[in-house]
Amino acid sequence: MKRYLFLVLGLITITATAQRKNDDTQLRKFFYVENAISQLYVDDINETKLVEDAITGMLKELDPHSTYTPAKDVQQMTENLNGSFEGIGVQYNINEDTLVVINTITNGPSEKVGIIAGDKIITVNDSSIAGVKMTKEEIMKRLRGPKGTKVNLGIVRQGVKGVQKFVVTRDKIPVHTLDAYYMINDHTGYIKLSSFGATTHDEFADAVKDMQSIGMKDLVLDLQSNGGGYLQSAVALADELLQKGEMIVYTDGRSTGRHDYYATDADMKVGKITVLVDGYTASAAEIVSGAIQDNDRGTIVGRRTFAKGLVQRPIDLPDGSMVRLTVAHYYSPVGRCFQKPYVKGDKKSYDNDMLERLNSGELMSADSIHFPDSLKYFTKGGRVVYGGGGIMPDVYVPLDTTLYTHFHRELNAKSCIIQTTLKYLDQHRKQLIKDYDVASYRKQLSLKEAGKKYDVQMILHHPGYERFKSSFQVPEEMISTLLQKAKEEKIEYTDEALKSSLSYIKVQLKALLARDIWDMSEYYQIMNPTSEIYMAGLKTLNN
């Protein structure tokens, strides 16, 4: 334990104090206290936890984004950004304590052995996971594992008697940061990014290439709720949208110095650009938004962004744990720092910022936002923009508080809407797949994933989906199921609340069906027209 402590503290000291004098007085004081506690304290102690608490305590006094992550959580934290994990390759949801396969990853290990959407996985290596109140995290641990290892699954399939046995060989499963892309009209494309990871640039480039091949000129880039990710991924994406020589971002820190990032000659030849943002657009997503705004390359539409302008460097510790230490600020091309003010050690107030925005009225009206003249900057074209608190959009869209009733929030919180969708799919999946010729869509998608020639039109304008989108009506059967689930969850509502929420709930049910039959792109095609930010973005682009 002492050797481990020296390694941890030594690494932190080397990394964080390279510029200061070689004085280990404080380090020795810290070690003496830890040694005294371990040798003399009245009760038994967990030394590992003691050290972890000490590291956490030190970081807590710095800034809200310097953090410590235990070894057991590091892999899960990084795999979404690194672009892959190792597992069986299924998208799933939990319906009434049973894991239901929503989709299998194309060409993934589960699809290869014959597992299909709608299958219910009830055992993993002969241990039951159905009806035992197991969390998603616990189920995930059982399904995931090193590439090449085998897992035995017991599956119940509608129309087939008994439990079917499948042996799946785990493999590397890609994790996508691009949630959706589709053509809004003949010349406008839409791309939604959930984060900025190792594969973001390639995913973005592939989507633009697909849409340009069928006529896309202008782009709606949706960065709502994009929490950021890798700086280099944000730079690579912004590079594709800016002219050579235009600044993207620069970082500056006490020990790291200043680093400038400029656009090269990479250019996707996209026309007009509208970027959609909200209060949860953060970090790397703010870099892209700021670069586009400062260079007058496009229009930012939505609400003021999260305001994270701090750069973290990951520091791997000997036991597999990690410290993410803030080492610099990042600045927009015209010199704006987007980081909002914070008090060191007061993370609670920092985390309550969105609640403060709601209480102050900012989310309902831009008039309540006031920036001092000292934070005024000018874009490349001379427009006024402000620093010191996220990115203020060019077109502000207030929050519509009437859209989501208390009844609707309760239905979502208790998963009633998703459970209703899963139950309907369980009973009607085969008929829906047949009626809307989903097999032809999946064939083209499989060809694309395999790197073979595929039909872009068949994927982006699948005839079966177009018929579903234009003609499918949510049946009363689904509404009855939903209300029954609300009753089971003891959700009280009035006829007025039901009437007020019903039209939006029907759109959501239809979109969830589309997601589970096709993919996320089809989900957003149905849901987006209910978003005021999305509609304002289209109006801005057309104008």
Residue pair Gly228 / Ser283: nearest heavy atoms and the distance that separates them: CA-CB, 4.1 Å

Asn295 side chain vs Met247 backbone, donor-acceptor pair below 3.5 Å: yes

From CA spacing to verdict: side-chain contact (heavy atoms from CB on, under 4.5 Å), Phe378, Val384: CA-CA 5 Å; Phe378 296 92; Val384 174; 3.5 Å; yes

Residues which pass side-chain hydrogen bond (donor to acceptor under 3.5 Å, both in side chains) with Arg297, listed by chain and number, not counting sequence neighbours: none

Arg324 (side chain) donor-acceptor with His65 (main chain) under 3.5 angstrom: no

Evaluation steps, side-chain contact (heavy atoms from CB on, under 4.5 Å), between Leu62 and Leu325: CA-CA 9 Å; Leu62 300 179; Leu325 186 67; 3.9 Å; yes

Non-hydrogen atoms of Gly229 and Ala284 that approach each other most closely: N-CB, 3.7 Å

Ile94 side chain reached by Leu99 side chain, heavy atoms, under 4.5 Å: yes

CD1-NZ distance between Ile287 and Lys308, expressed to the nearest 0.5 angstrom: 8.5 Å

Check: Tyr342 side chain, Ser349 main-chain N or O, donor-acceptor pair, under 3.5 Å: no

Glu246 side chain vs Ala263 backbone, donor-acceptor pair below 3.5 Å: no

Set of residues satisfying side-chain hydrogen bond (donor to acceptor under 3.5 Å, both in side chains) with respect to Thr200, sequence neighbours excluded: Thr177

Heavy-atom closest contact (Ala514 atom, Ile526 atom, distance): CB-CD1, 3.7 Å

Check against side-chain contact (heavy atoms from CB on, under 4.5 Å), Leu231 and Val249: CA-CA 10 Å; Leu231 169 66; Val249 68; 4.2 Å; yes

Residues, nucleotides or ligands: over 12 heavy atoms within 6.0 Å of Lys60 NZ: no

Sole candidate of Val385, Thr274, Thr281, Val277 that passes side chain to side chain contact (heavy atoms under 4.5 Å, CB included) when paired with Ile300: Val277

With sequence neighbours excluded, residues passing side chain to side chain contact (heavy atoms under 4.5 Å, CB included) with Arg442: Asn103, Val438, Leu445

Stepwise side-chain contact (heavy atoms from CB on, under 4.5 Å) test for Met520 and His176: CA-CA 11 Å; Met520 288 298 292; His176 299 295; over 6 Å; no

Interatomic spacing from CD in Glu52 to OG1 in Thr69 - rounded to 0.5 Å: 10.5 Å

Non-neighbouring partners of Asp400 that pass side-chain hydrogen bond (donor to acceptor under 3.5 Å, both in side chains), sequence neighbours left out: Thr402

CG on Asp202 to CG on Leu178, rounded to 0.5 Å: 11.5 Å

Non-hydrogen side-chain atoms of Tyr441 and Trp518 separated by less than 4.5 Å: yes

For the student: nearest non-hydrogen atoms of Thr169 and Lys150, plus distance: OG1-NZ, 2.9 Å

Contact summary for Val208 and Val270, nearest pair of heavy atoms: CG1-CG2, 4.3 Å

Test side chain to side chain contact (heavy atoms under 4.5 Å, CB included) applied to Thr149 - qualifying residues, sequence neighbours left out: Pro146, Arg170

Pairs where residues 192-242 contributes a residue and the test ring-ring contact (aromatic ring centres under 6.0 Å, His included) is met, not counting sequence neighbours: none

Where at least one partner belongs to residues 186-197, residue pairs that pass salt bridge (Lys or Arg N to Asp or Glu O under 4.0 Å), sequence neighbours excluded: Lys192-Asp222

Residue pairs passing the salt bridge (Lys or Arg N to Asp or Glu O under 4.0 Å) test where at least one lies in residues 329-344, sequence neighbours excluded: Asp294-Arg336, Lys340-Asp353

Flag side-chain contact, heavy atom, 4.5 Å: Val90 against Glu111: no

Gln508 versus Asn412, side-chain donor and acceptor atoms under 3.5 Å: yes

Under 3.5 Å donor-acceptor, Asp210 side chain and Val456 backbone: no

Residue pair Lys539 / Val395, side-chain heavy-atom distance below 4.5 Å: no

Atom pair OG1 (Thr326) and CZ (Arg254), whose distance is rounded to the nearest 0.5 Å: 12.5 Å

Summary of side chain to side chain donor-acceptor pair (under 3.5 Å) pairs that have at least one residue in residues 383-396, sequence neighbours excluded: Gln293-Asp394, Asp296-Arg383, Arg383-Asp394

Reported CE-to-CE distance for the pair Met216 and Met211, which is rounded to 0.5 angstrom: 5.0 Å

Heavy-atom side-chain contact between Ile184 and Leu541 under 4.5 Å: no

Short side-chain to backbone donor-acceptor contact, Glu362 and Arg357, under 3.5 Å: no

Ser110 side, atom OG; Ile173 side, atom CD1 - distance, nearest 0.5 Å: 7.5 Å

Check: Phe338 and Thr305 side chains under 4.5 Å, non-hydrogen atoms: no

Heavy-atom side-chain proximity of Leu223 to Ser289 below 4.5 angstrom: yes

Residues, nucleotides or ligands: over 12 heavy atoms within 6.0 Å of Glu61 CD: yes

Exercise: do Glu203 and Thr199 side chains pair donor with acceptor under 3.5 Å: yes

Heavy-atom donor-acceptor pair, Asp278 side chain to Gln224 backbone, under 3.5 Å: no

Salt bridge (Lys or Arg N to Asp or Glu O under 4.0 Å) involving Asp351 - partner list, sequence neighbours excluded: Lys347

Closest non-hydrogen atom pair between Val397 and Ala536, with its separation: CG2-CB, 3.6 Å

Contact check, side chains of Thr256 and Arg313, non-hydrogen atoms, under 4.5 Å: yes

Side-chain donor/acceptor of Tyr465 to backbone N/O of Glu522, under 3.5 Å: yes

Lys147 atom NZ, neighbour heavy-atom count above 12 within 6.0 Å: no

By side-chain hydrogen bond (donor to acceptor under 3.5 Å, both in side chains) - contacts of Thr188 (at least two apart): Asn185

Residue pairs fulfilling ring-ring contact (aromatic ring centres under 6.0 Å, His included) with at least one residue in residues 232-286, sequence neighbours excluded: Tyr250-Tyr331

Ala180 backbone acceptor or donor facing Tyr190 side chain under 3.5 Å: no

Polar side-chain atom of Ser521 near backbone of Tyr181 as donor-acceptor pair, under 3.5 Å: yes

